[in-house]
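Read through the structure below, which is laid out as structure tokens, and then see the notes.
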Amino acid sequence: MSILIFSLLTFYFLDFREVLPHGFHWLGHIQLIPALISANIIVLVVLIVLTLLFGRIYCSSICPMGVFQDIVSWISKCTAKKKKRYRFSKAKNILRWSVFGVTLIAFFAGFPVLLGLIDPYSAYGRMITNVFKPVYMAGNNLLESIFTSFGNYTFYKVEIGILSVFSLVVGILTFLIIGYLAWRYGRTFCNTICPVGTLLGFLSKFSLFKVRIDDTKCNGCGLCAMKCKASCIDSKNHMVDYSRCVDCFNCLGSCKQGALAFKPYKKKESKENIEKEPTDKSKRQFLITGLATAVTVPTVMAQDKTNSLLGGKVYKRQTPISPPGSLSAKHLLHHCTSCHLCVSKFPANVLKQAFMDSGFGGMIQPMMYFE
């Protein structure tokens, strides 16, 4: 399920041919920060209930940046000469809550750029739009030249251009920094910087279902800690830091003693009632069950398409104009997280990053420019 959501959302950002219908923009609406800013109560309630039931399912399966980090970690594991092993590290709570607090204060003080920079969904969107989409379009042009030479006109050539140097630099830095952290340390970004991870981590402490360690079976071998990309399992003390656990369930399959299980809390369990059946260690089977609740979220109704602006050149003007549907530049400044989905989908490359044209607080928001 996580790969499906990740693939659809990524392709929706890349899809300049509009293969996916416009209704797929609901994939962006189920992300936490956009839902929070737009006061989408249904999505917020579902995400909170999922977290209180199963923990950080959002971070594991819905957030595209989380899945991106898992893919990078998997590639790192496959290409490493030595077998990659993680180890338990103490939570950097002071840093986590400091970043969360500063981001919150900055947002309410009218400076949303910080939230836009470290919101995982928005950061992933800018990375895909500004770094990977030009590469994707270049691949399309290469296929067009090959197919056309054989008289096949399935592909058509498109113009490739950099809309904003600043956007490109931010996208590259995002890819390099988060990619490096995931390559070396797994989910460090999620558990140290990400405000969404900090908030959901706090809620997951009270979740009903958790990865629990049976002290009577655990021999302290540390195999589970070596597999934990969140570095949250203290095998020596038989403890799990639930605020950092992202429900990847890699630890369940690593335990040869059967000491780990994803289950609700029970006060006492008599030896006669202990089940001898093997624990279900399949992440897929759990995610299908757990995310079935999320699928019940009503699909957000597709908005009417904005009339396409025809023309060749990207026009410029000194005074920026906010995109259609944004109500005003001031409203955009306080509600946009700069995921750049509108930049990716808007025709004729009319939208680009404003940088300093709307003040320092709006340096990553998209604006329209005309001559």
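Note that the numbering runs from 1 along the sequence shown for the chain. These figures come from a predicted structure and were not determined experimentally.
Taking 4.5 Å as the limit, every side-chain heavy atom of C255 sits out of range of all side-chain heavy atoms of K217. Annotation: side chain of T10 is not in contact with side chain of F13 (no heavy-atom distance under 4.5 Å). In this structure the side chain of Y121 never reaches within 4.5 angstrom of the side chain of I33, judged on heavy atoms. The shortest distance between side-chain heavy atoms of C251 and V211 falls below 4.5 Å. Side-chain contact between T174 and L117 is absent, with no heavy-atom pair separated by less than 4.5 Å. In this structure, the side chains of K210 and V240 stay at 4.5 Å or more apart for every pair of heavy atoms. For the pair N191/R56, a side-chain contact is recorded, criterion being any heavy-atom separation below 4.5 Å from C-beta on. Within the 4.5 Å cutoff, no side-chain heavy atoms of D15 are placed close to those of F24.
Closest approach of N219 and Q257 over heavy atoms only: ND2-NE2, 3.5 Å. Nearest heavy-atom pair across Q31 and P64 is OE1-CD, 3.4 Å. Minimum interatomic distance between A259 and C218 (heavy atoms only, all atoms of both residues): CB-N, 3.6 Å. Taking every heavy atom of both residues into account, A106 and L114 meet most closely at CB-CD2, 4.4 Å. The heavy-atom pair separating P34 from D119 by the smallest distance is CD-OD2, 4.4 Å. Q69 and G186 make their closest contact through OE1-O, 3.8 Å (heavy atoms, listed as atom of the first residue, atom of the second, distance).
Checking N93 against R244 by side-chain atom types alone, no donor-acceptor pair falls below 3.5 Å. Between D214 and T216, the side chains place a donor N or O and an acceptor N or O closer than 3.5 Å (distance only, hydrogens not considered).
Judged purely by atom type and a 3.5 angstrom limit, S61 has no side-chain atom pairing as donor or acceptor with the backbone of Y58. Side-chain atoms of S98 come within 3.5 Å of backbone N or O of I94 as a donor-acceptor pair. Here the side chain of S231 pairs no donor or acceptor atom with the backbone of F88 at under 3.5 angstrom. Side-chain atoms of S122 do not come within 3.5 Å of backbone N or O of I118 as any donor-acceptor pair. No donor-acceptor pair under 3.5 Å is formed between the side chain of R87 and the backbone N or O of M226. In this structure a side-chain-to-backbone donor-acceptor pair under 3.5 Å is present from S204 to G201. A distance-only check finds a donor-acceptor pair linking the side chain of R212 to the backbone of K263 [under 3.5 Å].
In this structure, F175 CZ and R126 CZ are separated by 15.5 Å, a value rounded to the nearest 0.5 Å. C224 SG to H238 NE2: the interatomic distance, rounded to the nearest 0.5 Å, is 10.0 Å. Annotation: the span from I193 atom CD1 to T103 atom OG1 amounts to 9.0 Å, rounded to 0.5 Å. Here the CG atom belonging to L53 is positioned 14.5 Å from the CZ atom belonging to F206, to the nearest 0.5 angstrom. Note that CD1 of I128 is 7.5 Å distant from CZ of F68, once rounded to the nearest 0.5 Å. We find the CG-CG distance between L104 and L115 to be 9.0 Å, quoted to the nearest 0.5 Å.
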Kindly determine whether S243 and D241 satisfy side chain to side chain donor-acceptor pair (under 3.5 Å), including the steps that lead there. CA-CA 6 Å; S243 70; D241 184 353; 2.7 Å; yes
Trace of the side-chain contact (heavy atoms from CB on, under 4.5 Å) decision for F147 with Y156: CA-CA 10 Å; F147 275 63; Y156 59 88; over 6 Å; no
F54 vs I57, side-chain contact (heavy atoms from CB on, under 4.5 Å): CA-CA, chis, key distance, verdict: CA-CA 7 Å; F54 305 112; I57 291 296; 3.6 Å; yes
Does the side chain to side chain donor-acceptor pair (under 3.5 Å) test come out yes or no for S73 and Y185, once each step is laid out? CA-CA 8 Å; S73 299; Y185 309 109; over 6 Å; no
Step-by-step side-chain contact (heavy atoms from CB on, under 4.5 Å) determination, C245 to D247: CA-CA 6 Å; C245 177; D247 288 343; 3.7 Å; yes
Given the rule in the side-chain contact (heavy atoms from CB on, under 4.5 Å) test, do M239 and I213 qualify, once you have shown the distances and angles that lead to the verdict? CA-CA 7 Å; M239 294 178 62; I213 301 177; 5.9 Å; no
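Legend: side chain to side chain donor-acceptor pair (under 3.5 Å) pairs involving residues 136-147, not counting sequence neighbours, sorted by first then second residue: E144-T148. Applying the salt bridge (Lys or Arg N to Asp or Glu O under 4.0 Å) test to every pair with at least one member in residues 171-194, sequence neighbours left out, gives these pairs: D70-R187.
When the shell of 6.0 Å around CH2 of W74 is examined, it contains 12 or fewer heavy atoms from other residues, nucleotides or ligands. The number of heavy-atom neighbours closer than 6.0 Å to OH of Y86, taken from other residues, nucleotides and ligands shown, is above 12. Within 6.0 Å of atom CZ in F202, 12 or fewer heavy atoms from other residues, nucleotides or ligands are found, so the atom counts as exposed in its surroundings.
Using bins of under 30°, 30° to 60° and over 60° for the plane-to-plane angle, the ring pair F262/F209 lands in the parallel bin.
By the criterion of side-chain heavy atoms lying less than 4.5 angstrom apart, applied directly or through intervening Ile, Leu, Val, Met, Phe, Trp or Tyr residues, I146 is not grouped with M137; the two fall into different hydrophobic clusters. Side-chain heavy atoms closer than 4.5 Å link hydrophobic residues (I, L, V, M, F, W, Y) into clusters, and following such links, possibly through other members, connects I172 to L14. Linking Ile, Leu, Val, Met, Phe, Trp and Tyr residues whenever their side-chain heavy atoms come within less than 4.5 Å places V67 and L32 in a single cluster. Residues I105 and F107 are members of separate hydrophobic clusters, defined by side-chain heavy-atom contacts under 4.5 angstrom among Ile, Leu, Val, Met, Phe, Trp and Tyr. V246 and V196 end up in different hydrophobic clusters when Ile, Leu, Val, Met, Phe, Trp and Tyr side chains are linked at under 4.5 Å.
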For a quick test of your reading: what N or O donor-acceptor pairs under 3.5 Å do the side chains of residues 44-52 make, sequence neighbours left out?
{"unit_1": "T51", "atom_1": "OG1", "unit_2": "L47", "atom_2": "O", "d": "2.8"}

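Between W183 and Y180, the gap from one ring centroid to the other reaches at least 6.0 Å.
Geometrically, K205 does not engage Y242 in a cation-pi contact, judged by NZ or CZ lying under 6.0 Å from the ring centre and within 45° of the ring axis.
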